[in-house]
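Only a predicted model underlies this, so the values are computations on that prediction, with no experimental measurement involved. Read the numbers this way: they start at 1 and go in the same order the structure lists the ligands and their atoms. Atom set for the values below is all heavy atoms of this structure, side chains included, hydrogens, waters and symmetry mates excluded.
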Amino acid sequence: MDRHSNPYTPGAGAKPPVLVGRDAELEDFRVAFERLGSGQFARSFVLDGLRGVGKTVLLNEADVLARERGWISSGVVECNEDDELPLLMARLSHRALRRLSMTRRVSGAVKRALGVLRAFTFAMDEAGSWRFNIDVEAVVGVADSGDPEADIVELLAEVGAASAQHGSGAAFFLDEMQFLGKRSLALLAAAMHGISQQNAPVLLLGAGLPQLPLMLKKAKPYTERLFEYRTVQGLPRASAATALTVPAQRLGASFDQAALELILDHSQGYPHFLQQWGETIWKEAESPTITLRDARVAEELVNDELDRRFFRDRYEKATEAEAIYMAAMADLGDGPRASSEIATHMGMRQKDLSVRRAGLIEKGLIYNPIGTQLDFTVPQFAPYLRRVHPFDPKQQPTRGRPRTSSPRARASKNV
Ligand SMILES: Nc1ncnc2c1ncn2[C@@H]1O[C@H](COP(=O)(O)OP(=O)(O)OP(=O)(O)O)[C@@H](O)[C@H]1O
Ligand SMILES: [Mg+2]
């Protein structure tokens with residue numbers, strides 16, 4: 001069919017043609033913006049979920065909701081592995097204030113908040129390596145004590161106050177939060193705790209991989225009460241069907257039931273897989289009625305696309321020793337596995353594998369669903385690994401040599 005009209009969106013954070021199955025979350029965000037905007041209490045949100053399930057898309061939607069309700073938004077900012085919280089907070093504040101000063105006449109409150117941000121950057125960035133373009137004099141005595149927790153609270157309160165003068169408040173969006181270290185997460189929790197006690201109109205919406213709630217809890221036990229947690233799940237079968245069929249219907253195309261069933265079985269309701277299926281089958285189908293034959297032809301192409309665009313970058317993030325560990329995990333089958341079982345399967349002691357395990361968790365490739373169980377953060381990763389890296393109990397890592405020389409793998413920071 002015509003490639004120009006292809007409605008599907010298999011890309012990171014790409015707005016889907018129909019956002020299915022997220023009404024409850026969007027309603028929760030709406031209520032929080034409205035409550036906090038009118039001076040009532042509302043908690044900040046933390047979303048968690050597997051790769052490709054739709055977390056970034058939800059943050060982007062929440063950003064739209066916030067702006068529709070007069071909130072000043074930072075837009076979504078992604079955390080990277082070595083990011084320190086003060087820099088991220090400065091970045092979020094700068095983006096929100098810049099948007100505020102671009103869209104409206106710059107008021108005294110905005111100038112003051114920019115001045116406070118400048119003072120904050122002086123206090124936090126002794127090396128002078130941060131690059132923020134702020135052409136306002138630093139305000140002395142606010143957010144410049146050098147104590148990150150107190151200074152972040154003061155900075156956010158200033159940004160909130162400036163935003164409230166022009167609308168409802170300031171909304172901050174942080175993606176890939178699992179890349180923050182324990183210190184940064186503890187600082188973030190303490191800062192949001194401080195802000196909520198002041199009832200300042202500042203709402204944080206954060207997202208990350210499934211280990212994020214536990215990471216926050218380990219950083220500060222009270223985060224359980226501080227944040228509203230939402231796990232973003234794959235779509236139930238009926239919603240997954242809607243995600244595929246409605247965009248097609250709008251363009252006069254349809255799926256035969258058998259074709260639809262095959263796609264739903266294959267994609268297991270994971271939004272990224274559904275979009276990939278949609279995109280590929282749209283390209284391949286010859287008539288507007290998509291048949292089982294089209295689905296069978298598309299299957300191999302979808303697998304290729306997913307291998308190249310979804311799985312491979314993540315696999316290449318692992319060192320050779322970590323890849324062997326993952327191959328052993330995948331060899332045991334799909335679903336969570338106890339770390340003791342993986343060690344036995346490899347014929348090694350658990351403690352000799354702890355570095356690999358920790359490395360994979362840090363890179364966001366595996367996580368602990370419960371206790372000592374381990375699972376992949378990437379859906380359908382086990383079958384992929386069995387294809388590209390069959391487990392060989394005799395395989396040993398080659399000491400000191402990187403497993404891959406692909407520049408793409410080395411350049412990509414996020415998995
Ligand atoms: N509710 C939804 N309905 C249909 N498609 C969706 C939905 N949510 C997300 N998608 C699609 O799924 C894909 C993945 O979305 P997104 O990038 O937001 O996932 P993610 O959870 O942030 O993944 P990652 O952890 O890899 O960053 C995109 O192609 C997007 O268009
Ligand atoms: Mg994302």
Side-chain angles (χ1 to χ4, degrees), residues 6-29 45-65 75-81 173-180 205-213 230-250 260 263-264 266-282 302 305-306 308-317 363-367 375-381 384 412-415:
N6 195 327
Y8 300 99
T9 56
K15 186 179 167 67
V18 189
L19 182 73
V20 198
R22 304 295 185 227
D23 292 352
E25 289 86 351
L26 294 176
E27 183 57 17
D28 290 343
F29 301 155
F45 289 89
V46 171
L47 313 177
D48 75 277
L50 299 174
R51 288 282 173 212
V53 84
K55 303 178 294 296
T56 305
V57 162
L58 254 184
L59 288 186
N60 286 329
E61 287 299 311
D63 181 14
V64 173
L65 288 180
V76 177
V77 167
E78 209 173 277
C79 306
N80 286 309
E81 267 140 308
F173 298 88
L174 267 187
D175 205 358
E176 304 284 352
M177 269 175 63
Q178 76 284 345
F179 285 134
L180 294 180
L205 293 100
L209 291 173
Q211 64 265 36
L212 179 60
R230 297 285 181 277
T231 298
V232 186
Q233 310 266 13
L235 299 170
R237 209 166 166 91
S239 309
T242 306
L244 274 172
T245 55
V246 170
Q249 269 160 20
R250 286 178 182 164
L260 191 58
I263 300 175
L264 296 178
H266 188 283
S267 58
Q268 297 177 324
Y270 286 108
H272 184 89
F273 298 159
L274 289 165
Q275 298 298 337
Q276 187 60 63
W277 262 101
E279 188 196 54
T280 304
I281 207 162
W282 187 273
V302 170
E305 288 286 329
L306 290 176
R308 277 194 308 119
R309 297 179 196 274
F310 190 71
F311 295 122
R312 189 190 298 165
D313 274 0
R314 279 115 201 219
Y315 172 67
E316 288 183 346
K317 283 279 291 184
K363 289 175 182 165
L365 287 162
I366 64 173
Y367 73 110
D375 205 352
F376 296 110
T377 58
V378 181
Q380 299 186 0
F381 208 41
Y384 167 78
S412 83
K413 268 201 128 189
N414 290 348
V415 287

Checklist line | Donor-acceptor under 3.5 Å (Tyr8 side chain, Thr280 main chain) | finding: no
Checklist line | Backbone of Leu50 reached by a side-chain donor or acceptor of Lys55 within 3.5 Å | finding: yes
Next item on the list: Just do the salt bridge (Lys or Arg N to Asp or Glu O under 4.0 Å) check on Glu279 and Arg309 with the steps written out, would you?
Entry: CA-CA 13 Å; Glu279 188 196 54; Arg309 297 179 196 274; 5.8 Å; no
Next item on the list: Examine ligand 1 and decide if any of its atoms is less than 4.0 Å from a heavy atom belonging to Val18.
Entry: yes
Note to self: Tell me whether Gln275 contacts the main-chain N or O of Thr9 through its side chain, where contact means a donor paired with an acceptor under 3.5 Å.
What the structure shows: yes
Notebook entry, point to check: Can you list the ligand 1 atoms lying under 4.0 Å from a non-hydrogen atom of Thr9?
Noted result: 28 (C), 29 (O), 30 (C), 31 (O)
Note to self: Taking 4.0 angstrom as the limit and counting only heavy atoms of Arg314, give me the atoms of ligand 1 inside it, by number and element.
What the structure shows: 26 (O)
Check: For atom 12 (O) of ligand 1, which candidate among Pro271, Pro379, Gly208, Ala240 provides the closest heavy atom?
Finding: Pro271
Notebook entry, point to check: What do you reckon, does Gly54 have a nitrogen or oxygen under 3.5 Å from a nitrogen or oxygen of ligand 1?
Noted result: yes
Notebook entry, point to check: If every non-hydrogen atom of Pro17 is compared with every non-hydrogen atom of Pro247, which pair is closest and at what distance?
Noted result: CG-CG, 3.6 Å
Check: Between Ala243 and ligand 1, is there a nitrogen or oxygen pair with a distance under 3.5 Å?
Finding: no
Check: Parallel, tilted or perpendicular for Phe311 and Phe273, by the 30°/60° rule?
Finding: tilted
Item checked: side-chain contact (heavy atoms from CB on, under 4.5 Å) between Leu47 and Leu205, worked out -> CA-CA 8 Å; Leu47 313 177; Leu205 293 100; over 6 Å; no
Next item on the list: Considering the heavy atoms of Glu176, write down every atom of ligand 1 situated less than 4.0 Å from one of them.
Entry: 27 (O)
Note to self: With nothing but distance in play, are any N or O atoms of Lys15 less than 3.5 Å from an N or O of ligand 1?
What the structure shows: no
Next item on the list: Out of Val53, Leu50, Thr56, indicate the one that has the non-hydrogen atom closest to atom 22 (O) of ligand 1.
Entry: Thr56
Note to self: Check for me whether Pro10 has a heavy atom closer than 4.0 Å to any atom of ligand 1.
What the structure shows: yes
Next item on the list: With rounding to the nearest 0.5 Å, note down the distance linking CZ in Phe45 to CD in Glu25.
Entry: 9.5 Å
Notebook entry, point to check: Should Glu176 and Arg51 count as an ion pair when the cut-off is N to O under 4.0 Å?
Noted result: yes
Check: Do Cys79 and Leu174 come close enough that some side-chain heavy atom pair is under 4.5 Å?
Finding: yes
Next item on the list: For ligand 1, find out whether one of its N or O atoms is nearer than 3.5 Å to an N or O atom of Ala12.
Entry: no
Margin query: Using modelled atom types and a 3.5 Å cut-off, is there a donor and acceptor pairing between side-chain atoms of Gln380 and backbone atoms of His266?
Written below: yes
Notebook entry, point to check: Under 4.0 angstrom from ligand 1, any heavy atom of Gly21?
Noted result: no
Margin query: Judged on heavy-atom distance to atom 27 (O) of ligand 1, which of Glu61, His272, Arg51 sits nearest?
Written below: Arg51
Notebook entry, point to check: Hey, is ligand 1 close enough to Gly11 that some N/O pair sits below 3.5 Å?
Noted result: yes
Note to self: Tell me whether Lys363 is salt-bridged to Glu81, with the criterion being a basic N under 4.0 Å from an acidic carboxylate O.
What the structure shows: no
Check: Which of the atoms in ligand 1, numbered in the order shown and given with their element, are less than 4.0 Å from a heavy-atom of Arg22?
Finding: 1 (N)
Next item on the list: Have a look at ligand 1 and work out which part of Lys55, if any, has a heavy atom under 4.0 Å from it: side chain, backbone, both or neither.
Entry: both
Note to self: Would Val20 count as being in polar contact with ligand 1, using the rule that some N or O on each side must be under 3.5 angstrom apart?
What the structure shows: yes
Checklist line | Mode of Gln178 contact toward ligand 1 - side chain, backbone, both, neither (heavy atoms, under 4.0 Å) | finding: neither
Next item on the list: Could you list the atoms of ligand 1 found under 4.0 angstrom from a heavy atom of Leu19?
Entry: 1 (N), 2 (C)
